[in-house]
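Since the structure comes first, as C-alpha coordinates, the remarks are kept for the end.
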2 protein chains.
Amino acid sequence: MTDQSTGTTITAVERTAEVLRAFAHADTQTLGVTEVAQTLGISKAVVHRILNSLRAPGFIEFDPGSRRYLLGPTALDVGLAFLRHVDVRELARPVLKELSEQTQETATLSIRSEWHRIYIDQVTPAREVKMTVALGRSFPLYAGSSSKSLLAFLPQHEIDEYLEQTELRAVTDLTITDVSSLRSELAEVRSRGYAVSKGERQAGAGSVAAPVLDHNGYPVASMSLCGPVERFSEESDHAAELITAATRRLSRQIGYQG
Amino acid sequence: MTDQSTGTTITAVERTAEVLRAFAHADTQTLGVTEVAQTLGISKAVVHRILNSLRAPGFIEFDPGSRRYLLGPTALDVGLAFLRHVDVRELARPVLKELSEQTQETATLSIRSEWHRIYIDQVTPAREVKMTVALGRSFPLYAGSSSKSLLAFLPQHEIDEYLEQTELRAVTDLTITDVSSLRSELAEVRSRGYAVSKGERQAGAGSVAAPVLDHNGYPVASMSLCGPVERFSEESDHAAELITAATRRLSRQIGYQG
DNA sequence: AACCGCCGTTCCACTTGGCGGAACAGCCGT
DNA sequence: ACGGCTGTTCCGCCAAGTGGAACGGCGGTT
(Lines give C-alpha, C1' and ligand atoms only; values in the text may rest on other atoms or scores of the structure.)
Protein backbone atom coordinates (compact mmCIF):
# COMPACT_ATOMS: atom_id res chain seq x y z
CA MET A 1 0.00 0.00 0.00
CA THR A 2 1.31 3.40 -0.85
CA ASP A 3 -0.17 6.71 0.11
CA GLN A 4 2.12 8.89 -1.97
CA SER A 5 0.05 10.06 -4.87
CA THR A 6 1.89 11.42 -7.87
CA GLY A 7 -0.88 12.25 -10.30
CA THR A 8 -3.16 15.18 -10.79
CA THR A 9 -5.53 16.13 -8.02
CA ILE A 10 -8.78 18.08 -7.86
CA THR A 11 -8.92 20.93 -5.38
CA ALA A 12 -12.64 20.51 -4.75
CA VAL A 13 -12.10 16.84 -3.90
CA GLU A 14 -9.21 17.63 -1.60
CA ARG A 15 -11.31 20.23 0.15
CA THR A 16 -14.10 17.69 0.52
CA ALA A 17 -11.69 15.31 2.21
CA GLU A 18 -10.57 18.07 4.56
CA VAL A 19 -14.14 18.97 5.43
CA LEU A 20 -14.94 15.35 6.32
CA ARG A 21 -11.77 15.09 8.37
CA ALA A 22 -12.70 18.26 10.23
CA PHE A 23 -15.86 16.50 11.41
CA ALA A 24 -13.91 13.37 12.35
CA HIS A 25 -11.53 15.37 14.50
CA ALA A 26 -14.04 17.73 16.05
CA ASP A 27 -14.81 17.57 19.76
CA THR A 28 -18.42 18.45 19.09
CA GLN A 29 -20.95 16.49 17.08
CA THR A 30 -21.95 19.53 15.07
CA LEU A 31 -19.92 22.13 13.21
CA GLY A 32 -21.00 25.42 11.65
CA VAL A 33 -20.12 26.64 8.17
CA THR A 34 -18.12 29.59 9.51
CA GLU A 35 -16.19 27.40 11.93
CA VAL A 36 -15.16 24.92 9.22
CA ALA A 37 -14.26 27.74 6.86
CA GLN A 38 -11.99 29.31 9.46
CA THR A 39 -10.38 26.02 10.45
CA LEU A 40 -9.60 25.11 6.85
CA GLY A 41 -8.94 28.62 5.56
CA ILE A 42 -11.42 28.48 2.69
CA SER A 43 -14.44 30.63 1.92
CA LYS A 44 -17.78 30.12 3.65
CA ALA A 45 -19.49 29.86 0.28
CA VAL A 46 -17.27 26.91 -0.71
CA VAL A 47 -17.78 25.12 2.61
CA HIS A 48 -21.50 25.62 2.29
CA ARG A 49 -21.53 24.13 -1.18
CA ILE A 50 -19.41 21.17 -0.13
CA LEU A 51 -21.65 20.41 2.83
CA ASN A 52 -24.71 20.78 0.67
CA SER A 53 -23.26 18.39 -1.89
CA LEU A 54 -22.63 15.79 0.83
CA ARG A 55 -26.17 15.89 2.20
CA ALA A 56 -28.04 13.95 -0.46
CA PRO A 57 -25.61 11.00 -0.37
CA GLY A 58 -25.88 10.95 3.42
CA PHE A 59 -22.35 11.88 4.46
CA ILE A 60 -23.57 15.06 6.12
CA GLU A 61 -26.81 16.13 7.80
CA PHE A 62 -28.13 19.56 8.69
CA ASP A 63 -29.66 20.20 12.09
CA PRO A 64 -32.18 23.02 11.61
CA GLY A 65 -32.46 23.46 15.38
CA SER A 66 -28.86 24.48 15.83
CA ARG A 67 -28.38 25.47 12.16
CA ARG A 68 -25.22 23.38 12.19
CA TYR A 69 -23.98 20.33 10.34
CA LEU A 70 -23.03 16.83 11.44
CA LEU A 71 -21.89 13.54 9.95
CA GLY A 72 -24.58 11.31 8.46
CA PRO A 73 -24.92 7.50 8.32
CA THR A 74 -23.06 7.08 5.03
CA ALA A 75 -19.92 8.11 6.91
CA LEU A 76 -20.44 5.03 9.04
CA ASP A 77 -21.09 2.79 6.02
CA VAL A 78 -17.77 3.77 4.53
CA GLY A 79 -15.95 3.32 7.84
CA LEU A 80 -17.39 -0.11 8.41
CA ALA A 81 -16.54 -1.12 4.87
CA PHE A 82 -12.91 -0.43 5.72
CA LEU A 83 -13.20 -2.65 8.81
CA ARG A 84 -14.71 -5.52 6.90
CA HIS A 85 -11.55 -5.88 4.89
CA VAL A 86 -8.84 -5.57 7.44
CA ASP A 87 -6.76 -8.71 7.59
CA VAL A 88 -4.34 -8.37 10.43
CA ARG A 89 -2.05 -11.12 9.16
CA GLU A 90 -1.51 -9.34 5.87
CA LEU A 91 -1.01 -6.00 7.58
CA ALA A 92 1.50 -7.49 9.96
CA ARG A 93 3.62 -9.38 7.43
CA PRO A 94 5.88 -6.49 6.36
CA VAL A 95 6.21 -5.40 9.97
CA LEU A 96 7.31 -8.88 11.05
CA LYS A 97 9.96 -8.87 8.33
CA GLU A 98 11.27 -5.49 9.37
CA LEU A 99 11.41 -6.45 13.04
CA SER A 100 13.21 -9.69 12.33
CA GLU A 101 15.80 -7.93 10.19
CA GLN A 102 16.37 -5.19 12.73
CA THR A 103 16.87 -7.55 15.64
CA GLN A 104 18.09 -10.70 13.96
CA GLU A 105 15.56 -12.57 16.05
CA THR A 106 12.33 -14.35 15.24
CA ALA A 107 9.22 -12.19 14.94
CA THR A 108 5.84 -13.84 15.53
CA LEU A 109 2.19 -12.98 15.23
CA SER A 110 -0.40 -14.66 17.45
CA ILE A 111 -4.14 -14.41 17.79
CA ARG A 112 -6.46 -15.55 20.48
CA SER A 113 -8.72 -18.49 19.81
CA GLU A 114 -11.22 -18.91 22.63
CA TRP A 115 -9.08 -19.30 25.72
CA HIS A 116 -5.94 -20.17 23.84
CA ARG A 117 -3.39 -18.46 21.74
CA ILE A 118 -2.24 -19.57 18.30
CA TYR A 119 0.81 -18.55 16.28
CA ILE A 120 -0.42 -17.51 12.83
CA ASP A 121 2.78 -16.13 11.31
CA GLN A 122 6.52 -15.85 11.88
CA VAL A 123 9.63 -14.47 10.25
CA THR A 124 12.94 -16.03 11.26
CA PRO A 125 16.39 -14.46 10.86
CA ALA A 126 19.15 -15.86 8.68
CA ARG A 127 21.15 -17.20 11.55
CA GLU A 128 21.76 -20.67 12.92
CA VAL A 129 20.87 -20.36 16.56
CA LYS A 130 17.35 -19.00 16.54
CA MET A 131 13.84 -19.81 17.63
CA THR A 132 11.13 -21.18 15.43
CA VAL A 133 7.53 -21.65 16.52
CA ALA A 134 4.89 -24.09 15.35
CA LEU A 135 2.26 -22.12 13.42
CA GLY A 136 -1.28 -23.17 14.19
CA ARG A 137 -0.30 -24.78 17.46
CA SER A 138 -2.30 -23.63 20.46
CA PHE A 139 -0.92 -22.44 23.80
CA PRO A 140 -2.54 -21.45 27.08
CA LEU A 141 -3.34 -17.77 27.39
CA TYR A 142 -1.24 -17.28 30.52
CA ALA A 143 2.13 -18.65 29.52
CA GLY A 144 4.66 -16.65 27.58
CA SER A 145 4.81 -13.03 26.56
CA SER A 146 2.47 -13.32 23.59
CA SER A 147 -0.21 -14.89 25.74
CA LYS A 148 0.24 -12.45 28.58
CA SER A 149 0.12 -9.47 26.24
CA LEU A 150 -3.23 -10.68 24.89
CA LEU A 151 -4.68 -11.61 28.27
CA ALA A 152 -3.61 -8.37 29.96
CA PHE A 153 -5.55 -6.20 27.53
CA LEU A 154 -8.82 -8.12 27.56
CA PRO A 155 -11.77 -6.49 29.32
CA GLN A 156 -11.50 -7.06 33.08
CA HIS A 157 -14.53 -9.34 33.26
CA GLU A 158 -13.03 -11.60 30.58
CA ILE A 159 -9.75 -11.75 32.51
CA ASP A 160 -11.67 -12.61 35.68
CA GLU A 161 -13.66 -15.29 33.93
CA TYR A 162 -10.52 -16.81 32.49
CA LEU A 163 -8.62 -16.84 35.76
CA GLU A 164 -11.63 -18.30 37.54
CA GLN A 165 -12.06 -21.20 35.17
CA THR A 166 -8.46 -21.94 34.34
CA GLU A 167 -6.08 -24.06 36.31
CA LEU A 168 -2.63 -22.52 35.85
CA ARG A 169 -0.67 -25.64 35.07
CA ALA A 170 3.07 -25.18 34.65
CA VAL A 171 4.21 -25.36 31.04
CA THR A 172 7.83 -25.02 32.18
CA ASP A 173 9.50 -24.61 35.60
CA LEU A 174 9.25 -20.85 35.14
CA THR A 175 5.58 -20.56 34.21
CA ILE A 176 3.55 -18.41 36.60
CA THR A 177 1.07 -20.78 38.25
CA ASP A 178 -0.20 -18.61 41.11
CA VAL A 179 -3.25 -16.51 40.28
CA SER A 180 -2.35 -13.49 42.31
CA SER A 181 1.19 -13.45 40.89
CA LEU A 182 -0.27 -13.62 37.41
CA ARG A 183 -2.69 -10.78 38.18
CA SER A 184 0.27 -8.67 39.33
CA GLU A 185 2.17 -9.56 36.18
CA LEU A 186 -0.84 -8.65 34.01
CA ALA A 187 -1.10 -5.28 35.74
CA GLU A 188 2.59 -4.77 35.04
CA VAL A 189 2.11 -5.69 31.37
CA ARG A 190 -0.74 -3.21 31.03
CA SER A 191 1.25 -0.49 32.68
CA ARG A 192 4.36 -1.10 30.56
CA GLY A 193 2.49 -1.81 27.35
CA TYR A 194 4.41 -5.02 26.67
CA ALA A 195 5.10 -8.41 28.21
CA VAL A 196 8.39 -10.16 28.86
CA SER A 197 8.96 -13.89 29.16
CA LYS A 198 12.07 -15.81 30.11
CA GLY A 199 11.35 -19.47 29.89
CA GLU A 200 7.70 -19.35 30.92
CA ARG A 201 6.32 -21.11 27.84
CA GLN A 202 9.41 -22.62 26.32
CA ALA A 203 12.48 -23.52 28.34
CA GLY A 204 15.49 -21.53 27.18
CA ALA A 205 13.39 -19.05 25.21
CA GLY A 206 13.18 -15.34 25.86
CA SER A 207 10.63 -13.03 24.33
CA VAL A 208 9.00 -9.63 24.35
CA ALA A 209 5.44 -9.15 23.09
CA ALA A 210 2.81 -6.43 22.77
CA PRO A 211 -0.83 -6.49 21.65
CA VAL A 212 -2.38 -5.13 18.46
CA LEU A 213 -5.56 -3.34 19.51
CA ASP A 214 -8.60 -2.75 17.31
CA HIS A 215 -10.95 0.24 17.18
CA ASN A 216 -12.64 -0.94 20.33
CA GLY A 217 -9.31 -1.21 22.11
CA TYR A 218 -9.71 -4.97 22.02
CA PRO A 219 -6.55 -7.07 21.62
CA VAL A 220 -7.00 -8.88 18.32
CA ALA A 221 -3.41 -10.05 17.91
CA SER A 222 -0.08 -10.13 19.62
CA MET A 223 3.32 -9.59 18.12
CA SER A 224 6.53 -10.85 19.63
CA LEU A 225 10.25 -10.97 19.17
CA CYS A 226 11.81 -14.12 20.58
CA GLY A 227 15.09 -15.96 20.70
CA PRO A 228 17.42 -17.90 23.01
CA VAL A 229 17.08 -16.54 26.53
CA GLU A 230 20.79 -15.60 26.83
CA ARG A 231 20.47 -13.18 23.95
CA PHE A 232 17.36 -11.67 25.45
CA SER A 233 19.02 -10.32 28.54
CA GLU A 234 21.00 -7.84 26.48
CA GLU A 235 18.44 -7.14 23.84
CA SER A 236 15.25 -6.96 25.73
CA ASP A 237 15.02 -3.19 26.18
CA HIS A 238 15.72 -2.53 22.54
CA ALA A 239 13.33 -5.28 21.46
CA ALA A 240 10.61 -3.87 23.72
CA GLU A 241 10.98 -0.49 22.08
CA LEU A 242 10.70 -1.94 18.61
CA ILE A 243 7.78 -4.21 19.38
CA THR A 244 5.69 -1.51 21.08
CA ALA A 245 6.32 0.92 18.22
CA ALA A 246 5.35 -1.72 15.66
CA THR A 247 2.18 -2.81 17.45
CA ARG A 248 1.19 0.80 18.04
CA ARG A 249 1.50 1.45 14.31
CA LEU A 250 -0.56 -1.62 13.42
CA SER A 251 -3.14 -0.77 16.05
CA ARG A 252 -3.65 2.65 14.51
CA GLN A 253 -3.95 1.07 11.09
CA ILE A 254 -6.88 -1.02 12.24
CA GLY A 255 -8.61 1.84 13.95
CA TYR A 256 -7.25 2.03 17.49
CA GLN A 257 -7.59 5.55 18.84
CA GLY A 258 -5.96 5.36 22.25
CA MET B 1 -32.25 16.35 10.81
CA THR B 2 -33.06 16.93 7.23
CA ASP B 3 -31.33 15.45 4.27
CA GLN B 4 -33.09 17.46 1.58
CA SER B 5 -30.57 19.98 0.41
CA THR B 6 -31.83 22.99 -1.47
CA GLY B 7 -28.68 24.99 -2.12
CA THR B 8 -26.01 24.86 -4.75
CA THR B 9 -23.96 21.72 -5.13
CA ILE B 10 -20.58 20.97 -6.65
CA THR B 11 -20.42 18.16 -9.18
CA ALA B 12 -16.90 17.17 -8.23
CA VAL B 13 -17.94 16.82 -4.59
CA GLU B 14 -21.00 14.77 -5.49
CA ARG B 15 -18.85 12.49 -7.58
CA THR B 16 -16.42 12.13 -4.70
CA ALA B 17 -19.28 11.01 -2.48
CA GLU B 18 -20.38 8.48 -5.10
CA VAL B 19 -16.86 7.11 -5.45
CA LEU B 20 -16.60 6.57 -1.70
CA ARG B 21 -20.01 4.94 -1.63
CA ALA B 22 -18.97 2.61 -4.45
CA PHE B 23 -16.20 1.30 -2.20
CA ALA B 24 -18.57 0.97 0.74
CA HIS B 25 -20.98 -1.13 -1.31
CA ALA B 26 -18.45 -3.21 -3.19
CA ASP B 27 -18.18 -6.96 -2.58
CA THR B 28 -14.44 -6.80 -3.05
CA GLN B 29 -11.93 -4.89 -0.98
CA THR B 30 -10.32 -3.36 -4.04
CA LEU B 31 -11.79 -1.60 -7.05
CA GLY B 32 -10.15 -0.54 -10.31
CA VAL B 33 -10.46 2.84 -11.98
CA THR B 34 -12.26 1.42 -15.00
CA GLU B 35 -14.72 -0.50 -12.85
CA VAL B 36 -15.67 2.57 -10.81
CA ALA B 37 -15.93 4.68 -13.96
CA GLN B 38 -18.32 2.18 -15.52
CA THR B 39 -20.41 1.78 -12.38
CA LEU B 40 -20.82 5.53 -11.93
CA GLY B 41 -20.89 6.46 -15.62
CA ILE B 42 -18.10 9.04 -15.48
CA SER B 43 -14.79 9.20 -17.27
CA LYS B 44 -11.78 7.17 -16.15
CA ALA B 45 -9.71 10.32 -16.02
CA VAL B 46 -12.09 11.90 -13.50
CA VAL B 47 -12.21 8.78 -11.34
CA HIS B 48 -8.46 8.60 -11.38
CA ARG B 49 -8.14 12.20 -10.28
CA ILE B 50 -10.72 11.76 -7.52
CA LEU B 51 -8.97 8.67 -6.18
CA ASN B 52 -5.64 10.43 -6.36
CA SER B 53 -7.01 13.38 -4.46
CA LEU B 54 -8.27 11.07 -1.71
CA ARG B 55 -4.93 9.31 -1.22
CA ALA B 56 -2.97 11.95 0.66
CA PRO B 57 -5.71 12.48 3.27
CA GLY B 58 -5.95 8.71 3.73
CA PHE B 59 -9.45 7.99 2.48
CA ILE B 60 -8.10 5.81 -0.32
CA GLU B 61 -5.00 3.68 -0.80
CA PHE B 62 -3.44 2.22 -3.91
CA ASP B 63 -2.29 -1.39 -4.00
CA PRO B 64 0.59 -1.53 -6.51
CA GLY B 65 0.43 -5.32 -6.55
CA SER B 66 -3.06 -5.49 -7.97
CA ARG B 67 -2.96 -1.93 -9.35
CA ARG B 68 -6.31 -1.34 -7.71
CA TYR B 69 -7.64 0.98 -5.06
CA LEU B 70 -9.11 0.41 -1.60
CA LEU B 71 -10.42 2.41 1.34
CA GLY B 72 -7.83 3.84 3.72
CA PRO B 73 -7.91 4.40 7.50
CA THR B 74 -9.37 7.89 7.32
CA ALA B 75 -12.58 6.27 6.11
CA LEU B 76 -12.67 4.50 9.44
CA ASP B 77 -11.89 7.68 11.40
CA VAL B 78 -14.88 9.40 9.85
CA GLY B 79 -17.13 6.39 10.38
CA LEU B 80 -16.18 6.06 14.02
CA ALA B 81 -16.68 9.78 14.54
CA PHE B 82 -20.28 9.24 13.50
CA LEU B 83 -20.60 6.44 16.05
CA ARG B 84 -19.15 8.52 18.85
CA HIS B 85 -22.09 10.85 18.61
CA VAL B 86 -24.98 8.50 18.08
CA ASP B 87 -27.62 8.99 20.68
CA VAL B 88 -29.93 6.03 20.46
CA ARG B 89 -32.65 7.77 22.43
CA GLU B 90 -32.81 10.59 19.90
CA LEU B 91 -32.77 8.19 16.97
CA ALA B 92 -35.51 6.12 18.50
CA ARG B 93 -37.86 8.94 19.43
CA PRO B 94 -39.61 9.33 16.06
CA VAL B 95 -39.83 5.54 15.74
CA LEU B 96 -41.47 5.23 19.15
CA LYS B 97 -44.03 7.83 18.13
CA GLU B 98 -44.81 6.04 14.90
CA LEU B 99 -45.17 2.67 16.60
CA SER B 100 -47.43 4.03 19.30
CA GLU B 101 -49.67 5.72 16.71
CA GLN B 102 -49.87 2.61 14.55
CA THR B 103 -50.78 0.27 17.37
CA GLN B 104 -52.44 2.60 19.86
CA GLU B 105 -50.25 1.00 22.51
CA THR B 106 -47.35 2.24 24.55
CA ALA B 107 -43.93 2.12 22.90
CA THR B 108 -40.88 1.98 25.17
CA LEU B 109 -37.14 2.15 24.84
CA SER B 110 -34.85 0.42 27.35
CA ILE B 111 -31.13 0.11 27.76
CA ARG B 112 -29.04 -2.21 29.81
CA SER B 113 -27.26 -0.88 32.85
CA GLU B 114 -24.88 -3.49 34.24
CA TRP B 115 -27.11 -6.46 34.96
CA HIS B 116 -30.32 -4.47 34.93
CA ARG B 117 -32.55 -2.86 32.41
CA ILE B 118 -33.82 0.71 32.56
CA TYR B 119 -36.64 2.39 30.66
CA ILE B 120 -35.23 5.54 29.06
CA ASP B 121 -38.15 6.66 26.92
CA GLN B 122 -41.78 5.97 26.17
CA VAL B 123 -44.61 7.21 23.99
CA THR B 124 -48.14 6.50 25.21
CA PRO B 125 -51.30 6.47 23.07
CA ALA B 126 -54.23 8.86 23.48
CA ARG B 127 -56.43 6.33 25.12
CA GLU B 128 -57.57 5.76 28.68
CA VAL B 129 -56.74 2.15 29.29
CA LYS B 130 -53.02 1.93 28.52
CA MET B 131 -49.70 1.11 30.11
CA THR B 132 -47.23 3.61 31.37
CA VAL B 133 -43.78 2.71 32.64
CA ALA B 134 -41.54 4.44 35.14
CA LEU B 135 -38.62 5.95 33.25
CA GLY B 136 -35.30 5.50 34.98
CA ARG B 137 -36.54 2.64 37.09
CA SER B 138 -34.44 -0.49 36.96
CA PHE B 139 -35.64 -4.04 36.34
CA PRO B 140 -33.94 -7.42 36.35
CA LEU B 141 -32.58 -8.53 33.00
CA TYR B 142 -34.62 -11.73 32.92
CA ALA B 143 -38.16 -10.49 33.50
CA GLY B 144 -40.29 -9.10 30.74
CA SER B 145 -39.90 -8.94 26.99
CA SER B 146 -37.57 -5.92 26.96
CA SER B 147 -35.21 -7.63 29.38
CA LYS B 148 -35.33 -10.95 27.57
CA SER B 149 -34.71 -9.32 24.22
CA LEU B 150 -31.56 -7.67 25.58
CA LEU B 151 -30.30 -10.72 27.45
CA ALA B 152 -30.91 -13.11 24.56
CA PHE B 153 -28.62 -11.19 22.22
CA LEU B 154 -25.70 -10.75 24.56
CA PRO B 155 -22.58 -12.80 23.80
CA GLN B 156 -22.99 -16.32 25.16
CA HIS B 157 -20.33 -15.94 27.83
CA GLU B 158 -22.08 -12.85 29.19
CA ILE B 159 -25.39 -14.73 29.30
CA ASP B 160 -23.68 -17.60 31.12
CA GLU B 161 -22.06 -15.24 33.56
CA TYR B 162 -25.38 -13.54 34.28
CA LEU B 163 -27.31 -16.77 34.77
CA GLU B 164 -24.58 -18.09 37.01
CA GLN B 165 -24.54 -15.15 39.37
CA THR B 166 -28.21 -14.23 39.34
CA GLU B 167 -30.92 -15.71 41.46
CA LEU B 168 -34.11 -15.68 39.37
CA ARG B 169 -36.52 -14.27 41.89
CA ALA B 170 -40.15 -14.03 40.81
CA VAL B 171 -41.26 -10.52 40.00
CA THR B 172 -44.81 -11.78 39.36
CA ASP B 173 -46.42 -15.22 39.46
CA LEU B 174 -45.60 -15.59 35.80
CA THR B 175 -41.93 -14.68 35.87
CA ILE B 176 -39.59 -17.44 34.64
CA THR B 177 -37.54 -18.48 37.67
CA ASP B 178 -36.00 -21.70 36.41
CA VAL B 179 -32.63 -21.29 34.66
CA SER B 180 -33.11 -23.98 32.06
CA SER B 181 -36.58 -22.69 31.15
CA LEU B 182 -35.09 -19.24 30.78
CA ARG B 183 -32.29 -20.59 28.57
CA SER B 184 -34.90 -22.23 26.33
CA GLU B 185 -36.86 -19.01 26.23
CA LEU B 186 -33.73 -17.03 25.31
CA ALA B 187 -32.97 -19.46 22.47
CA GLU B 188 -36.55 -19.00 21.28
CA VAL B 189 -36.18 -15.19 21.42
CA ARG B 190 -32.97 -15.36 19.38
CA SER B 191 -34.55 -17.61 16.82
CA ARG B 192 -37.68 -15.46 16.47
CA GLY B 193 -35.88 -12.16 16.73
CA TYR B 194 -38.27 -10.81 19.37
CA ALA B 195 -39.49 -11.57 22.87
CA VAL B 196 -43.04 -11.87 24.20
CA SER B 197 -44.16 -11.33 27.77
CA LYS B 198 -47.53 -11.91 29.35
CA GLY B 199 -47.41 -10.88 32.94
CA GLU B 200 -43.78 -11.79 33.62
CA ARG B 201 -42.64 -8.39 34.84
CA GLN B 202 -45.93 -6.64 35.49
CA ALA B 203 -49.12 -8.46 36.32
CA GLY B 204 -51.74 -7.85 33.65
CA ALA B 205 -49.27 -6.42 31.17
CA GLY B 206 -48.51 -7.88 27.76
CA SER B 207 -45.60 -6.86 25.60
CA VAL B 208 -43.46 -7.59 22.56
CA ALA B 209 -39.85 -6.41 22.38
CA ALA B 210 -36.83 -6.64 20.12
CA PRO B 211 -33.23 -5.47 20.48
CA VAL B 212 -31.45 -2.64 18.69
CA LEU B 213 -28.04 -4.03 17.66
CA ASP B 214 -24.91 -1.98 17.03
CA HIS B 215 -22.16 -2.48 14.44
CA ASN B 216 -20.71 -5.27 16.53
CA GLY B 217 -24.09 -6.98 16.73
CA TYR B 218 -24.24 -6.04 20.39
CA PRO B 219 -27.68 -5.24 21.87
CA VAL B 220 -27.47 -1.61 22.94
CA ALA B 221 -31.19 -1.01 23.46
CA SER B 222 -34.51 -2.73 23.39
CA MET B 223 -37.75 -1.42 22.02
CA SER B 224 -41.14 -2.67 23.05
CA LEU B 225 -44.84 -2.29 22.50
CA CYS B 226 -46.88 -2.98 25.61
CA GLY B 227 -50.40 -2.74 26.90
CA PRO B 228 -53.04 -4.61 28.91
CA VAL B 229 -52.55 -8.34 28.43
CA GLU B 230 -56.07 -8.90 27.01
CA ARG B 231 -55.32 -6.63 24.09
CA PHE B 232 -52.03 -8.34 23.48
CA SER B 233 -53.50 -11.70 22.61
CA GLU B 234 -55.04 -10.33 19.45
CA GLU B 235 -52.38 -7.84 18.56
CA SER B 236 -49.20 -9.63 19.30
CA ASP B 237 -48.40 -10.91 15.82
CA HIS B 238 -48.93 -7.52 14.26
CA ALA B 239 -46.99 -5.82 17.04
CA ALA B 240 -44.12 -8.28 16.61
CA GLU B 241 -43.94 -7.45 12.93
CA LEU B 242 -43.83 -3.74 13.61
CA ILE B 243 -41.33 -3.94 16.42
CA THR B 244 -38.90 -6.13 14.54
CA ALA B 245 -39.08 -3.90 11.46
CA ALA B 246 -38.51 -0.81 13.58
CA THR B 247 -35.57 -2.24 15.52
CA ARG B 248 -34.04 -3.59 12.31
CA ARG B 249 -34.20 -0.10 10.82
CA LEU B 250 -32.63 1.47 13.88
CA SER B 251 -29.99 -1.25 14.04
CA ARG B 252 -28.96 -0.52 10.48
CA GLN B 253 -28.80 3.18 11.30
CA ILE B 254 -26.21 2.53 13.96
CA GLY B 255 -24.15 0.24 11.81
CA TYR B 256 -25.56 -3.25 12.28
CA GLN B 257 -24.77 -5.34 9.26
CA GLY B 258 -26.43 -8.68 9.97
C1' DA C 1 9.53 -13.51 -28.62
C1' DA C 2 5.63 -10.99 -30.46
C1' DC C 3 1.03 -9.66 -30.17
C1' DC C 4 -3.23 -8.28 -28.07
C1' DG C 5 -6.37 -6.71 -24.74
C1' DC C 6 -6.94 -4.49 -20.70
C1' DC C 7 -5.80 -1.48 -17.24
C1' DG C 8 -4.04 2.66 -14.78
C1' DT C 9 -1.87 7.12 -16.06
C1' DT C 10 -1.05 11.29 -18.51
C1' DC C 11 -1.90 14.95 -21.85
C1' DC C 12 -4.19 18.96 -23.62
C1' DA C 13 -7.76 21.89 -25.79
C1' DC C 14 -12.02 23.53 -24.36
C1' DT C 15 -15.75 25.46 -21.64
C1' DT C 16 -18.39 25.84 -17.95
C1' DG C 17 -18.27 24.80 -13.32
C1' DG C 18 -16.25 26.38 -9.26
C1' DC C 19 -14.68 30.32 -6.98
C1' DG C 20 -15.00 34.12 -3.55
C1' DG C 21 -16.42 38.68 -2.17
C1' DA C 22 -20.38 40.77 -0.88
C1' DA C 23 -25.14 41.17 0.02
C1' DC C 24 -29.09 39.07 2.16
C1' DA C 25 -32.09 36.80 5.58
C1' DG C 26 -32.66 34.78 9.96
C1' DC C 27 -31.74 34.14 14.81
C1' DC C 28 -30.50 35.33 19.41
C1' DG C 29 -29.15 38.22 23.17
C1' DT C 30 -29.18 42.72 25.23
C1' DA D 1 -35.36 47.85 18.34
C1' DC D 2 -30.59 47.04 17.43
C1' DG D 3 -26.30 44.68 16.70
C1' DG D 4 -23.60 40.78 15.97
C1' DC D 5 -23.19 36.50 14.18
C1' DT D 6 -24.46 32.87 11.32
C1' DG D 7 -26.08 30.23 7.28
C1' DT D 8 -27.59 31.24 2.44
C1' DT D 9 -27.65 33.31 -2.01
C1' DC D 10 -25.96 36.05 -5.92
C1' DC D 11 -23.11 36.93 -9.87
C1' DG D 12 -19.11 38.15 -12.75
C1' DC D 13 -14.99 36.01 -13.82
C1' DC D 14 -11.51 32.76 -15.15
C1' DA D 15 -9.02 28.83 -14.17
C1' DA D 16 -10.26 24.49 -12.56
C1' DG D 17 -12.34 20.52 -14.03
C1' DT D 18 -13.61 17.85 -17.95
C1' DG D 19 -13.23 13.92 -21.20
C1' DG D 20 -11.41 11.87 -25.34
C1' DA D 21 -7.39 9.95 -26.74
C1' DA D 22 -2.74 8.56 -26.43
C1' DC D 23 0.68 6.28 -23.59
C1' DG D 24 3.07 2.72 -20.86
C1' DG D 25 2.84 -1.50 -18.35
C1' DC D 26 1.21 -6.09 -17.38
C1' DG D 27 -0.46 -10.66 -18.15
C1' DG D 28 -2.09 -14.16 -21.11
C1' DT D 29 -1.94 -16.50 -25.50
C1' DT D 30 0.14 -18.12 -29.61
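Bear in mind that the values here come from a model prediction, so they are computed numbers and not experimental data.
Between the side chains of A:Thr9 and B:Ser53, no donor-acceptor pair is found at a separation under 3.5 Å. Defined by atom type and a distance below 3.5 Å, a donor-acceptor pair is present between the side-chain atoms of B:Ser110 and B:Arg117. No hydrogens or angles considered: nothing links the side chains of B:Arg249 and B:Tyr256 as a donor-acceptor pair under 3.5 Å. Donor-acceptor pairing under 3.5 Å is recorded for the side chains of A:Ser149 and A:Ser222. Using modelled atom types and a 3.5 Å distance limit, the side chains of A:Arg55 and A:Asn52 yield a donor-acceptor pair. Inspection of the A:Ser224 and A:Thr108 side chains reveals an N or O donor paired with an N or O acceptor under 3.5 Å.
Protein atom CG of B:Asn52 is 14 Å distant from nucleotide atom P of D:dT18, rounded to whole Å. Look at CZ on A:Phe62: it is 8 Å from P on D:dG7, rounded to the nearest Å. Taking atom CG of residue A:Leu51 and atom P of nucleotide C:dC19, one finds them 13 Å apart after rounding to whole Å. Taking atom CG of B:Asp63 as the reference point, atom P of C:dT9 lies 12 Å away to the nearest angstrom. Per the geometry, CZ belonging to A:Arg15 stands 18 Å off P belonging to C:dG17, to the nearest Å. Atom C1' of nucleotide C:dG18 and atom CD of B:Glu14 are separated by 13 Å, given to the nearest angstrom.
Remark: A:Gly32, A:Val33, A:Thr34, A:Lys44, A:Ala45 in residues 32-45 of chain A come within less than 4.0 Å of DNA chain D through at least one heavy atom.
The shortest distance between the side-chain N/O atoms of A:His48 and the OP1/OP2 oxygens of D:dG7 is not below 4.0 Å. Taking only side-chain nitrogens and oxygens, A:Tyr69 comes nearer than 4.0 Å to OP1 or OP2 of D:dT8.
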| message | What does the B/S/- profile of nucleotides 11-16 of chain D look like, 5' to 3', with a 4.0 Å heavy-atom cutoff to protein? | response | ------

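Two residues, A:Ile50 and A:Arg67, neighbour DNA chain C, and the one matched to the more 5' nucleotide by heavy-atom proximity is A:Ile50. For A:Val46 and B:Arg68, each mapped to the nucleotide of DNA chain C holding its nearest heavy atom, the one lying further toward the 5' end belongs to B:Arg68.
The pair B:Arg93-B:Asp121 meets the salt-bridge criterion, with a side-chain N (NZ, NE, NH1 or NH2) lying under 4.0 Å from an Asp/Glu carboxylate O.
The nearest pair of heavy atoms linking B:Thr132 to B:Gln122 is CA-OE1, 3.6 Å. Contact detail for A:Ser207 and A:Ser145: the closest heavy-atom pair is OG-OG, 2.5 Å.
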